[in-house]
Amino acid sequence: MIETIKTLTEISGPSGRETKVRNTLIEMIKDHVDGYEVDKVGNLIAWKGDGGNPVVLVAHMDEIGIVVTNEIKEGFYRIEPVGGVSPYTALNRRYVLQDGTVGVVGVERETAQDVKKNLTNLSFDTLYLDTFGKKVDVGTFGVFDSHFYQNGDFLVSKAMDDRIGCAILVEIVRGLKNPKRRFYIAFSIQEEVGLVGSSVLAYPLDAQEAIAIDVTDSADSPKSFKRHPMVIGKGPAIKIKDRYSISDKRIVDKLVKVAKDRGIPYQLEVLTFGGTDAAALMRTREGIPSATVSVPTRYIHTPNEVVGKSDVENTIKLLIEYIQAV
Ligand code: CO
Ligand code: ZN
């Protein structure tokens with residue numbers, strides 16, 4: 001499992017540029033599923049089993065990143081965020097572009113007054129990517145240049161959002177040999193720019209239920225967000241609601257029952273911001289009842305997103321038991 005997480009999080013796959021992630025996932029799952037296909041826009045969908053009441057589990061392949069907008073002068077480029085990247089997070093970071101170029105983000109600082117002004121109200125208008133003289137094309141995408149690190153139960157990497165969800169789906173399909181119902185695992189594109197892939201991926205499926213697997217804010221560091229109850233190490237978070245969706249109550253109740261019956265630790269999540277693919281799945285065709293199971297995560301949308309190994313293992317357990325509960 002750790003190897004799967006390390007491999008998946010270290011791939012570069014910003015929104016709209018998910019090809020490498022998709023190809024790696026196909027290699028990881030192809031011998032463990034009954035079939036798979038890539039739809040017209042690039043979502044990867046695989047299936048297994050043939051019992052009734054099919055469920056689709058969805059994780060997004062893409063990660064936040066940057067894109068080069070224009071050249072300022074040779075070797076210096078203006079960039080734009082892809083998905084939710086704060087300029088404060090981007091500043092002074094090392095990025096690797098999809099053509100292999102490595103660059104560092106700096107800020108304009110011509111006068112002391114500029115520095116003060118630019119830093120108190122930081123914007124991508126005054127940030128630049130320094131590529132050390134290397135020429136890059138407008139429209140080149142990039143991601144944080146950041147590597148996987150483990151310290152006991154803590155797993156640290158860029159793109160835990162949402163390769164951890166992808167890794168969970170890979171482990172489910174490898175671990176569940178005789179599913180009691182058909183289930184789909186789907187890997188969506190462009191979640192970070194507005195739930196794009198998940199808006200269409202379930203359309204051709206006969207799924208009766210959908211569950212998105214994604215990260216959520218954990219509030220277990222000093223003075224973290226008081227109103228968020230999620231903590232790393234206390235189990236998967238069964239989402240009640242976030243800004244974009246309210247989980248289907250029947251699925252939530254079933255998840256809680258399965259967790260209690262099987263002695264799997266869990267937490268209940270009410271997130272005051274954010275959204276997941278569940279919001280789009282709920283709106284598919286005549287509607288698919290949907291919910292989200294989340295992995296509590298520190299420092300979301302930074303190069304060092306932190307999750308708990310035991311939470312990941314318990315999420316896999318919970319979802320396998322959920323599928324089997326039909
Ligand atoms: Co995200
Ligand atoms: Zn996500």
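We count ligands from 1, going down the list as the structure has it; atoms in each ligand are counted the same way. All residue numbers refer to positions in the sequence shown, counting from 1. Keep in mind the model is a prediction, meaning the values are calculated, not measured.
- Taking the Zn ion (ligand 2) as reference, D161 places its N/O/S atom OD1 nearest.
- Under the side-chain hydrogen bond (donor to acceptor under 3.5 Å, both in side chains) test applied with T276, the options T292, D242, D162 reduce to a single match, T292.
- At a threshold of 2.8 Å, the Zn ion (ligand 2) has a backbone or side-chain N, O or S atom of D214 nearer than that distance.
- Here the shortest heavy-atom pairing between S188 and S198 reads CB-N, 4.0 Å.
- Of all the heavy atoms in L122 and V107, the pair that sits closest is CD1-CG2, 3.8 Å.
- Between R78 and E108 there is a salt bridge, since at least one side-chain N of the basic residue sits less than 4.0 Å from a carboxylate O of the acidic one.
- Among V307, V306, V156, the single residue meeting the side-chain contact (heavy atoms from CB on, under 4.5 Å) criterion with R298 is V306.
- Classification of E63 and K158 as a salt-bridged pair holds, one side-chain N sitting under 4.0 Å from a carboxylate O.
- The aromatic ring centroids of Y77 and Y128 lie 6.0 Å or more from each other.
- Listed by chain and number, D161 OD2, E192 OE1, E192 OE2, H301 NE2 are the protein N/O/S atoms closer than 2.8 Å to the Co ion (ligand 1), with waters left out.
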